[in-house]
Q: 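Can you read through this structure? Questions will come right after.
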Amino acid sequence: MIYRVVIEKGEDFGYGVYCPAIPGCHSQGETIEEALENIKDAIRGCLEALDKDLFPPTGELAFFEVAV
């Protein structure tokens, strides 16, 4: 899946980045490239946490990733 992210130049150093589609999902990096890599990890972590919160394991559920 593709997520749009917003990158902003930091006031003190580096860059801040966040994903508007996932509230609270943000990261930072010293360079734009580092910020983009870090937000990918943050998005994965947020989605994993959402999966666990929304669908507690019961033994009857299976998760699959599909591209849309």
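Bear in mind that the values here come from a model prediction, so they are computed numbers and not experimental data.
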Q: Heavy atoms only: give me the nearest Ile22-Cys46 pair and the separation to one decimal.
A: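 Smallest interatomic distance, heavy atoms only, reads CG2-CB, 3.8 Å.
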
Q: Counting only N and O atoms by type, is there a donor-acceptor contact under 3.5 Å from the side chain of Asn38 to the main-chain atoms of Gln28?
A: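 Here the side-chain-to-backbone pair exists.
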
Q: Ignoring hydrogens, what is the shortest heavy-atom contact between Pro20 and Arg4? Give both atom names and the distance.
A: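 Residues Pro20 and Arg4, closest heavy atoms: CD-O, 3.4 Å.
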
Q: For a quick test of reading the model, state the closest non-hydrogen atom pair linking Ile39 to Cys25 and the distance between them.
A: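 Answer, listing the atom of Ile39 first, then Cys25: CD1-O, 4.0 Å.
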
Q: CD1 of Ile43 to CD of Glu48: how many Å apart, nearest 0.5 Å?
A: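 Going from CD1 on Ile43 over to CD on Glu48, the span is 14.0 Å.
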
Q: Could you pull out all donor-acceptor pairs under 3.5 Å where a side-chain atom in residues 5-19 meets a protein atom, sequence neighbours excluded?
A:
none

Q: So, taking the atom named CD in Glu37 and the one named OG in Ser27, what distance separates them when rounded to the nearest 0.5 Å?
A: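 Output value for this atom pair is 10.5 Å.
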
